[in-house]
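Have a look at the structure below, then the notes.
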Amino acid sequence: MKARIAVTPGDGIGPEIVAEAVKVLKAVADKFGHELALDHHLVGGAAYDDCGDCLPDATLAACRAADAVLLGAVGGPKYDRLPGPQRPEKRALLTLRKELGLFANLRPAKVWAPLKDASPLKPSIVEAGLDLLVVRELTGGVYFGRHERAEDGLSALDYMPYSTAEIERIARVAFEAARKRRGRVTSIDKANVLETSRLWRETVTRIHEADYADVELDHMYVDNGAMQLVRAPQHFDVILTENMFGDILSDEASQITGSIGMLPSASLRSDGFGLYEPIHGSAPDIAGQDVANPLATILSAAMMLRHSLGLAAEADDIESAVGRTLADGVFTRDLGGTVKCSEMGQAVIERL
Ligand code: IPM
Ligand code: MG
């Protein structure tokens, strides 16, 4: 098959980790006889330095025209003093999500067998099972509500709007995902305090009863959910939650697997188009040293093949090569090893 992928490496370690993922994609394309056009575009601080805008029109247009987007990371201390709306996180990442309609964020978190000692949780807890998927609503809630500062500067307001339609479509994504996994959805909200959460709970319950009664559903308040994640992670299969809770819980979920450098993500629209990126940031402190872990980006590329290009066997192939690489003790610095970023990419390709 032929596909066009917009590659947006971004800032910090972004270019290094994306370069390894691109090599892996090329190797898989060769092996299976696909033609992937991998066109590179500036995004984030790199784009700001070039033209004064973290999301140039040309980059947005290229992303729209592509079959999928592979992104590294954006942001860094150099850009922290830009006004809020111009910062890489807001201007590049949040605008891309909104403009491309990427409402469904999938963040799988699991412990890879060779890394089970890296988890900060007790072995007995890890051994009980830690393999979950956070389904985070990505284009609504407080991230995209109005943000206001009073004229006197002494008070501020952030609105957190949600509509039934927004809740319904993300709930369906979670239930569908659960059917392909262990068949359980835990919906996380703060319905004891927030009106949006009460609407969330009602809507999720209604969709469940109407169309997904075969899936097991439970509800948790977010404070309890955060606690259960470290106390009994085996409870969770699919976590369904709104934008900000999903941001926080996915970082927590990543840490309990022991290695934020391992976690990929997909941000999807209903037609299968998606943006794929590691869940970690641009790590400016280690940028340019060839020591970052490219596996989260390589695994994001695998998710891209599966979700946007319909290439499930190719995606499985990458994931299995990553598993064998780790089983052979090939570890980057974050995993306790000395292997370089570029060597890790090469090691995965050798095992493909
Ligand atoms: C994430 C990040 C972003 C978010 C930031 C960089 C705006 O933390 O993708 O989880 O909060 O969504
Ligand atoms: Mg986050």
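Ligands are counted one by one from 1 in listed order, and the atoms in each one are counted from 1 as well. The first residue of the sequence shown is numbered 1, and numbering continues consecutively from there. Nothing here was measured: the structure is a model prediction, and the numbers come from that model.
No salt bridge links Asp189 with Arg198; every basic N to acidic carboxylate O contact stays at or beyond 4.0 Å.
The Arg136 neighbourhood of ligand 1 comprises atoms 1 (C), 4 (C), 9 (O), 10 (O), 11 (O), 12 (O), with distances under 4.0 Å to a heavy atom of that residue. The contact set between ligand 1 and Arg97, taken as ligand atoms under 4.0 Å from a residue heavy atom, comprises 1 (C), 4 (C), 9 (O), 12 (O).
The nearest heavy-atom contact from the protein to atom 11 (O) of ligand 1 is Tyr143 OH, 2.5 Å. Scanning all protein heavy atoms for the shortest distance to atom 7 (C) of ligand 1 gives Glu89 CB, 3.9 Å. Closest to atom 8 (O) of ligand 1, if we only count protein heavy atoms, is Asp247 OD1, 3.2 Å.
Using a 30° and 60° split on the angle between ring planes, Phe175 and Tyr212 fall in the parallel class, below 30°. Taking the six-membered ring where the residue is Trp, Tyr276 and His307 present parallel rings, their angle staying beneath 30° rather than reaching 60°.
Counting only heavy atoms, the protein never gets under 4.0 Å from atom 5 (C) of ligand 1.
The cationic atom of Lys190 (NZ for Lys, CZ for Arg) does not lie both less than 6.0 Å from the six-membered ring centre of Phe245 and within 45° of the ring axis. Note that Lys116 lies outside the cation-pi zone of Trp112, set by a 6.0 Å cut-off to the ring centre and a 45° limit from the axis. Annotation: cation-pi geometry not satisfied between Arg269 and Phe103 (NZ/CZ under 6.0 angstrom from ring centroid, within 45° of ring axis).
For residues 59-70, the pairs satisfying salt bridge (charged side-chain N to carboxylate O under 4.0 Å, His left out) are Arg64-Glu99, with sequence neighbours left out.
Near-neighbour remark for the Mg ion (ligand 2): protein N, O or S atoms under 2.8 Å are Asp247 OD1; waters not counted.
When only modelled atom types and interatomic distance are considered, Asp11 and Tyr48 share no side-chain donor-acceptor pair under 3.5 Å.
With a 4.0 Å heavy-atom cut-off, ligand 1 is reached by the side chain of Arg107 but not by its N, CA, C or O.
Grouping the Ile, Leu, Val, Met, Phe, Trp and Tyr side chains by contacts below 4.5 angstrom, directly or via other members, places Val215 apart from Ile239.
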